[in-house]
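In what follows, a structure is listed as structure tokens, so that the remarks can point back to it.
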Amino acid sequence: AVLFGAEPAKRAYKKMMRNRADGKVISVNLDDFNPMIIREPKDYKKTYSYDESEVKSIFSQIKTHIIAGEYNSAQILINKLNLSNASQDVKIKVEILQSFIDEDKVDYFYFKNNVNYTDVIKEPALYNKIYVKWQGKAVNKSASKSGLFCNLVLGDEETGVITGVVPVEFIKPSIFYNNDEVMIFGRLSAVNGKIMIKGEYLLKL
């Protein structure tokens, strides 16, 4: 049957674009004959130090996760390679794979959070650019010409235990008040050991 209307057309267009993107992801490869997979031998004392086969395996896993739409899993592996002894040639191709994540649109409604604050704070650089959907209390709301900001207080209100406080910068207008309980969806930015959320959506609870 032929379906008419806006929604079927949107779904068909999205599927077509997804197939095109998957084809481009598949085409990004590490050459088997490339001698410059790693810039220095694996150091077993370092967390993110790999041999050539491990780099190739991680690179392949990144592509698999991107095609499956598992962007957080792909992003964490991308971060591992960027933190590692992988060569500059490899990292340039990793940047290409990164672009497929950056250019796609993640649907916050269907997104399932798989990373919590306690994981992130232990090693912020590993979780740079991942998506999160965290619940907490919005405080210190402020607005300026540069944007809308608040702090998200994470923890258990019943016990009074605060897990952490994360700055949020919204990339689009959001309506809320200080001390509102909210769910914020966005992307983490981890710079110099400090994290913040680039907020995309806010839901008042």
Side-chain angles (χ1 to χ4, degrees), residues 10-43 46-115 119-120 122-133 147 169-172 185-201:
K10 287 180 182 178
R11 289 196 294 269
Y13 177 77
K14 188 173 183 179
K15 183 177 180 181
M16 178 186 71
M17 297 305 292
R18 180 72 259 175
N19 289 339
R20 287 183 181 179
D22 290 349
K24 291 179 180 178
V25 171
I26 292 169
S27 70
V28 181
N29 295 301
L30 297 180
D31 297 327
D32 290 335
F33 55 83
N34 186 351
M36 296 299 294
I37 296 295
I38 54 178
R39 68 170 188 270
E40 61 186 19
K42 178 175 180 176
D43 184 343
K46 295 181 179 179
T47 303
Y48 305 114
S49 188
Y50 307 109
D51 59 32
E52 292 184 3
S53 63
E54 288 171 324
V55 169
K56 289 181 178 179
S57 175
I58 293 172
F59 192 88
S60 178
Q61 290 174 56
I62 292 170
K63 292 167 62 175
T64 299
H65 285 307
I66 291 175
I67 291 172
E70 299 165 348
Y71 290 154
N72 274 1
S73 297
Q75 187 64 63
I76 289 171
L77 292 177
I78 285 173
N79 293 340
K80 285 184 176 182
L81 285 187
N82 283 332
L83 293 168
S84 78
N85 61 324
S87 71
Q88 189 61 30
D89 287 348
V90 171
K91 292 182 180 181
I92 288 173
K93 291 197 173 183
V94 167
E95 285 182 14
I96 297 173
L97 296 180
Q98 177 74 66
S99 70
F100 293 111
I101 299 177
D102 295 342
E103 293 169 6
D104 202 358
K105 189 69 175 176
V106 174
D107 191 330
Y108 79 98
F109 185 80
Y110 295 103
F111 174 80
K112 294 182 179 180
N113 192 67
N114 61 350
V115 176
D119 292 328
V120 171
K122 291 175 184 176
E123 196 171 1
L126 181 60
Y127 298 97
N128 187 39
K129 293 188 175 183
I130 67 161
Y131 288 94
V132 296
K133 192 195 298 188
E169 176 184 358
F170 292 93
I171 62 175
K172 60 176 65 176
F185 170 80
R187 208 165 180 190
L188 279 185
S189 171
V191 179
N192 297 325
K194 297 181 179 180
I195 66 169
M196 71 172 296
I197 300 174
K198 295 284 187 179
E200 297 185 16
Y201 295 97

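All of these numbers come straight from a predicted model, not from anything done at the bench. Count residues from 1 along the sequence. The basis for the numbers below is simple: all heavy atoms, side chains too, and nothing from hydrogens, waters or symmetry mates.
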Any side-chain heavy-atom pair from [X] and [Y] closer than 4.5 angstrom?
| X | Y | value |
| --- | --- | --- |
| N79 | Y127 | no |
| K91 | N82 | yes |
| L188 | V115 | no |
| Q75 | Q98 | yes |
| R187 | D102 | yes |

inquiry  = Which heavy atom of A190 sits nearest to which heavy atom of I195, and what is that distance?
reply    =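 So the two residues come closest at CB-CG2, 4.1 Å.
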Would you say [X]'s side chain and [Y]'s backbone share a donor-acceptor pair under 3.5 angstrom?
| X | Y | answer |
| --- | --- | --- |
| S73 | H65 | no |
| S60 | S57 | no |
| K133 | Y108 | yes |
| N85 | E40 | yes |

query = side chain to side chain contact (heavy atoms under 4.5 Å, CB included) between F100 and I62: does it pass, once the steps are laid out?
reply = CA-CA 11 Å; F100 293 111; I62 292 170; over 6 Å; no
note = Residue set satisfying ring-ring contact (aromatic ring centres under 6.0 Å, His included) with Y131, at least two apart, ordered chain then number -> F185
request  = Please name all residues satisfying side chain to side chain contact (heavy atoms under 4.5 Å, CB included) with Y48, sequence neighbours left out, ordered by chain then number.
outcome  = Y50, K80, L83, S84, E123, L126
Find the distance between [atom1] ([X]) and [atom2] ([Y]) and round it off to the nearest 0.5 Å.
| X | Y | atom1 | atom2 | answer |
| --- | --- | --- | --- | --- |
| N29 | K93 | CG | NZ | 6.5 Å |
| D89 | I37 | CG | CD1 | 8.0 Å |
| L81 | I38 | CG | CD1 | 12.0 Å |

request  = Classify the side-chain pair D51/S53 by whether it contains a donor and acceptor separated by less than 3.5 Å.
outcome  =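 Yes, a side-chain donor-acceptor pair sits under 3.5 Å.
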